[in-house]
Amino acid sequence: MDEVRFEPGLIRALLREQHPDLAELELREVEGGWDNQQWRLGPELAVRLPRTERAPSLLRAEQKWLPVLAGRLPLPTPVPVRVGEPSALFEYTWTITRWVDGEPADRVPITRADAAGTLAGFLGALHRPAPADAPVSATRGLALASLRDGFSSSLAAVADEVDGDHAKEIWEKAVAAPAWDGAPIWLHGDLHPANVIVREGTLSGVIDFGDMCSGDPATDLSAAWILLPEGAAGRFFDAYEVADDATVTRARGWAVLRALNLIAIGRNGRLGRTGGKPTWEPAGRAALGRASA
């Protein structure tokens, strides 16, 4: 993750090679990122270079599908405006996107309850039937029963620090709930605090669509507990309108799973371990508390 780093000189050389009209804009590295390393390019753009094995395919998915979806989404998104192709300088694809202004929620949490309506409006616009060739994920949008091993390992990783029995109870109820039987729905797939942008206490943008896929909307609806402040989940589901009781139950199970992952990755960061993100631990603990309330 953060251990793979590219120097600004490479970015400048790639711009001169493929997008010379943008090559002299100010370039500033942006802290954070998981699969990609990012720089701000001038006042309105950003450059993203893949640094994990799976990252190039995620960028290709963004390049293909986010421009199709962005026009109907009511919040700013990092829409690709230029594509970087593999070359002798860099062997993978890379992207120039629109910059989404604000701070990620793992650093500046959402505090306003009216963000529930903003999030519901965003997901209501996104959650439409996906075409047959939409991406399908092996870890998102699918039946929770297929992720039992992942839940068990995530819980074991932090079992000494959380109420494991209560988390497991919520999870088992979610697994037992009726499965999604509708058409596959477009999903963001990775709505956690580092992938949304906050301004003035509320949700102001959504980023990192590399895991976008089709399937059960409960995956995204877990954001009601992962992102929103205490007590706002009910307001969110009232505004979203179309989630039945089974979908809400599955969404809560997804929230517990994702919160455990955030805590584990955050704790790794606190302990100085590879791939850790220290700002994710408090975000994960808060999310688990909300989902378990």
Side-chain angles (χ1 to χ4, degrees), residues 34-36 48 50 52-86 92-98 100 118-147 150 174 177-192 194-197 203 205-224 226-227 236 240-244 246-248 250-251 253-255 257-258 261:
W34 186 270
D35 290 294
N36 300 282
R48 300 177 75 205
T52 66
E53 184 177 352
R54 72 181 197 133
S57 64
L58 301 184
L59 282 182
R60 288 296 190 193
E62 277 193 348
Q63 292 162 1
K64 178 177 180 179
W65 291 110
L66 186 52
V68 175
L69 299 175
R72 72 171 188 242
L73 300 178
L75 289 172
T77 61
V79 181
V81 297
R82 305 280 183 93
V83 172
E85 297 295 346
Y92 304 107
T93 187
W94 49 283
T95 304
I96 300 173
T97 74
R98 292 293 178 193
V100 180
T118 304
L119 178 61
F122 175 83
L123 289 179
L126 174 62
H127 287 173
R128 308 286 177 82
D133 59 340
V136 176
S137 173
T139 57
R140 296 163 170 85
L142 68 171
L144 284 169
S146 65
L147 300 176
W180 174 254
D181 61 0
I185 300 299
W186 270 119
L187 309 177
H188 177 279
D190 204 22
L191 286 175
H192 64 74
N195 286 345
V196 299
I197 300 300
L203 177 64
V206 178
I207 62 175
D208 200 346
F209 283 74
D211 282 302
M212 68 172 68
C213 59
S214 60
D216 179 2
T219 301
D220 280 356
L221 298 178
S222 64
I226 296 294
L227 300 178
F236 165 81
Y240 184 78
E241 293 185 341
V242 296
D244 59 17
T247 301
V248 175
R250 294 194 309 276
W254 274 103
L257 173 62
R258 308 215 73 190
N261 288 336

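All values reported here derive from a predicted model rather than from experimental measurement. Just so you know, residue 1 is the first one in the sequence shown, and it goes up from there.
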Asks: At their closest point, which heavy atom of Val100 faces which heavy atom of Thr77, and how far apart are they?
Replies: CG2-C, 3.6 Å
Asks: Within the 3.5 Å criterion, strictly below it, is a donor on Thr247 or Arg250 matched to an acceptor on the partner's side chain?
Replies: yes
Asks: So does Asp211 get a backbone contact from the side chain of Asp190, meaning a donor-acceptor N/O pair under 3.5 Å?
Replies: no
Asks: Give me the atom names and distance for the closest heavy-atom approach of Tyr92 to Pro56.
Replies: CD2-CG, 3.7 Å
Asks: Is there a side-chain contact between Trp186 and Pro135 (heavy atoms, below 4.5 Å)?
Replies: yes
Asks: Grab the two heavy atoms, one from Leu142 and one from Ser146, that are nearest each other, plus how far apart they are.
Replies: CD1-OG, 3.1 Å
Asks: Does Thr93 use its side chain to pair, donor to acceptor, with the backbone of Gly84 at less than 3.5 Å?
Replies: yes
Asks: Drop me the distance from Leu73's CG to Phe209's CZ, to the nearest 0.5 angstrom.
Replies: 6.0 Å
Asks: Enter the distance from Phe236:CZ to Glu241:CD here, rounded to the nearest 0.5 Å.
Replies: 11.5 Å
Asks: Which of these passes side chain to side chain contact (heavy atoms under 4.5 Å, CB included) with Leu191: Val206, Ile226, Asp208, Leu221?
Replies: Val206
Asks: Which residues satisfy the ring pair (Phe, Tyr, Trp, His ring centres under 6.0 Å) test with Trp94, sequence neighbours excluded?
Replies: His19
Asks: Could you tell me if Thr95 and Glu62 have a donor-acceptor pair between their side chains, going purely by distance under 3.5 Å?
Replies: no
Asks: Would the number of heavy atoms belonging to other residues, nucleotides or ligands and lying under 6.0 Å from CZ of Arg98 be above 12?
Replies: no
Asks: Heavy-atom count check: over 12 atoms from other residues, nucleotides or ligands less than 6.0 Å from Asp244 CG?
Replies: yes
Asks: Main chain of Leu126, side chain of Arg72: is a donor-acceptor contact present, judged purely on distance under 3.5 Å?
Replies: yes
Asks: Could you pull out all residues at least two apart from Thr118 that satisfy side-chain hydrogen bond (donor to acceptor under 3.5 Å, both in side chains)?
Replies: none
Asks: Please report the closest heavy-atom contact between Ser222 and Ala255, naming both atoms and the distance.
Replies: CB-N, 3.5 Å
Asks: Closest approach of Gly210 and Leu58, non-hydrogen atoms and distance?
Replies: O-CD2, 3.1 Å
Asks: Measure the CG-CG distance between Leu203 and Leu227 for me, rounded to the nearest 0.5 Å.
Replies: 7.5 Å
Asks: I want to check something: taking the side chain as every heavy atom from C-beta on, are Val248 and Tyr240 in contact at a cut-off of under 4.5 Å?
Replies: no
Asks: Between CD1 of Ile207 and NE2 of His188, what distance do you get to the nearest 0.5 Å?
Replies: 8.0 Å
Asks: Please round to the nearest 0.5 Å and tell me the distance separating atom CG of Leu123 and atom CZ of Arg128.
Replies: 11.5 Å
Asks: Report yes if some heavy atom in the side chain of Asn36 is under 4.5 Å from a heavy atom in the side chain of Pro50; otherwise report no.
Replies: yes
Asks: If you measure from OG on Ser214 to CD1 on Ile185, what distance do you get to the nearest 0.5 Å?
Replies: 9.0 Å
Asks: Where is the tightest heavy-atom contact between Pro78 and Thr97, given as atom of each residue plus distance?
Replies: O-CB, 3.5 Å
Asks: How far apart are the C-alpha atoms of His127 and Asp220, what are their side-chain angles, what is the distance that settles it, and do they pass the side chain to side chain contact (heavy atoms under 4.5 Å, CB included) test?
Replies: CA-CA 9 Å; His127 287 173; Asp220 280 356; 2.9 Å; yes
Asks: Evaluate the side chain to side chain contact (heavy atoms under 4.5 Å, CB included) criterion for residues Asp133 and Lys64: first the C-alpha distance (whole Å), next the side-chain angles of each, then the deciding distance (0.1 Å), finally the verdict.
Replies: CA-CA 11 Å; Asp133 59 340; Lys64 178 177 180 179; 3.9 Å; yes
